[in-house]
> 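So that we are looking at the same thing, I have put the structure below in structure tokens.
Because the structure is predicted, anything quoted here is derived from the model rather than measured.
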Amino acid sequence: AVGRGAPRASARRLTARSPRAQVLATLSANGFKCESEEQVRLKLKEYAERLLNARFVVAARGAGGLPTYRIYEALVMGAIPIVPWDPRHEFLYEELPVVRVRDDEWGRVTPKFLKKQWHKIQSAVADGKYDMRKLYTPYWIARLTVSRWAHEVGGMDAAHALLAKEVRLETAPRVSQ
């Protein structure tokens with residue numbers, strides 16, 4: 001976690017050549033104190049406290065290059081995840097305060113860069129640009145239900161079109177008997 005006090009970052013099971021190890025090495029070179037999970041084993045309470053006290057949290061890719069649950073842990077606890085950019089996962093981060101970094105651009109993640117990101121995110125919060133409902137199951141149940149309904153009625157194109165739009169629980173289509 002990159003905290004309000006001493007900057008920090010963490011990752012799991014690192015090898016010298018792993019993308020996570022490379023990210024941590026780059027962040028260390030940029031002045032952040034980085035610790036891998038092998039170096040620091042935290043109890044749940046201390047982990048939660050660190051998240052609560054962090055402004056930013058590095059959330060490297062999970063198994064198989066998929067987004068990690070740590071992204072959502074950080075968001076729920078009020079921290080902003082810094083994630084590797086991947087166009088396949090953009091829809092997951094739309095309308096959420098997430099900093100995306102391309103694999104070859106981790107060198108630009110400096111304290112100055114994060115300060116600018118913090119101000120941009122605070123401005124977006126003030127403007128109501130984030131939808132934190134995306135962090136909770138009911139939001140996704142509504143989206144998937146509407147998508148399923150659209151697929152039954154109008155095929156795959158209709159389902160994709162509806163998934164691309166904002167779905168509100170109160171406007172979900174009703175299926176007549």
> Distance from Glu49 atom CD to Glu46 atom CD, nearest 0.5 Å?
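Taking CD in Glu49 and CD in Glu46, the distance rounds to 7.0 Å.
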> Considering only NZ, NE, NH1 and NH2 on the basic side and carboxylate oxygens on the acidic side, decide whether Arg102 and Asp104 come within less than 4.0 Å.
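Salt bridge between Arg102 and Asp104, a charged N being under 4.0 Å from a carboxylate O: no.
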> Starting at NZ of Lys129, measure out to NZ of Lys120 and round the result to the nearest 0.5 Å.
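Spacing of NZ (Lys129) from NZ (Lys120) equals 10.5 Å.
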> Evaluate the criterion side-chain contact (heavy atoms from CB on, under 4.5 Å) for residue pair Val58 and Val23; output intermediate values, then yes/no.
CA-CA 9 Å; Val58 173; Val23 166; 4.2 Å; yes
> Taking all atoms of both residues into account, what is the closest heavy-atom pair of Pro84 and Asp103, and its distance?
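Taking Pro84 first and Asp103 second, the nearest heavy atoms are CB-OD1, 3.9 Å.
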> With rounding to the nearest 0.5 angstrom, report the CZ to CG distance, Arg108 to Leu114.
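The CZ atom of Arg108 sits 10.0 Å away from the CG atom of Leu114.
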> Give a yes or no on whether the backbone of His119 and the side-chain of Ser123 come within a donor-acceptor separation of less than 3.5 Å.
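Not at all, since once roles are kept as given, no pair shorter than 3.5 Å links the two residues.
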> What I'd like to find out is whether the side chain of Val83 reaches to under 4.5 Å of the side chain of Ile71, using heavy atoms alone.
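The answer is yes; the side chains approach within 4.5 Å.
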> What are the two closest non-hydrogen atoms of Phe32 and Val109, and how far apart are they?
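Result for this residue pair: CE1-O, 3.4 Å.
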> Over all heavy atoms of both residues, which pair between Gly107 and Asn30 is shortest? Give the atoms and the distance, please.
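Answer, listing the atom of Gly107 first, then Asn30: O-ND2, 3.0 Å.
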> Does the pair Val57 and Ile82 meet the rule for a side-chain contact (heavy atoms from CB on, under 4.5 Å), with working shown?
CA-CA 6 Å; Val57 175; Ile82 306 169; over 6 Å; no
> Taking all atoms of both residues into account, what is the closest heavy-atom pair of Arg100 and Glu94, and its distance?
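Closest approach of Arg100 to Glu94, heavy atoms only: NH2-N, 4.0 Å.
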> May I have the step-by-step check of side-chain contact (heavy atoms from CB on, under 4.5 Å) for Ile141 and Tyr136, ending in yes or no?
CA-CA 9 Å; Ile141 290 172; Tyr136 302 99; over 6 Å; no
> Shortest non-hydrogen contact from Pro97 to Ile121?
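Looking at all heavy atoms of both residues, the shortest contact is CB-CG2, 3.8 Å.
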> Less than 4.5 Å apart, any side-chain heavy atom of Tyr47 and any of Arg70?
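They are in contact (side-chain heavy atoms under 4.5 Å apart), so the answer is yes.
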> Within this structure, what is the OH-CG distance for the pair Tyr93 and Asp86, rounded to the nearest 0.5 Å?
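Between Tyr93 OH and Asp86 CG, I get 8.0 Å after rounding to 0.5 Å.
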> Under the side-chain hydrogen bond (donor to acceptor under 3.5 Å, both in side chains) criterion, do Trp85 and Glu105 qualify, and how do the steps go?
CA-CA 10 Å; Trp85 180 83; Glu105 294 183 348; over 6 Å; no
> Rounded to the nearest 0.5 Å, how far does CD of Gln117 lie from CD of Gln122?
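Gln122 CD to Gln117 CD: 12.0 Å, rounded to 0.5 Å.
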> Roughly how far apart are Leu96 CG and Lys134 NZ, rounded to 0.5 Å?
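NZ of Lys134 is found 5.0 Å from CG of Leu96.
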> Go through the steps to decide whether Ile80 and Arg55 satisfy the test side-chain contact (heavy atoms from CB on, under 4.5 Å), and finish with yes or no.
CA-CA 6 Å; Ile80 297 154; Arg55 282 192 176 167; 5.7 Å; no
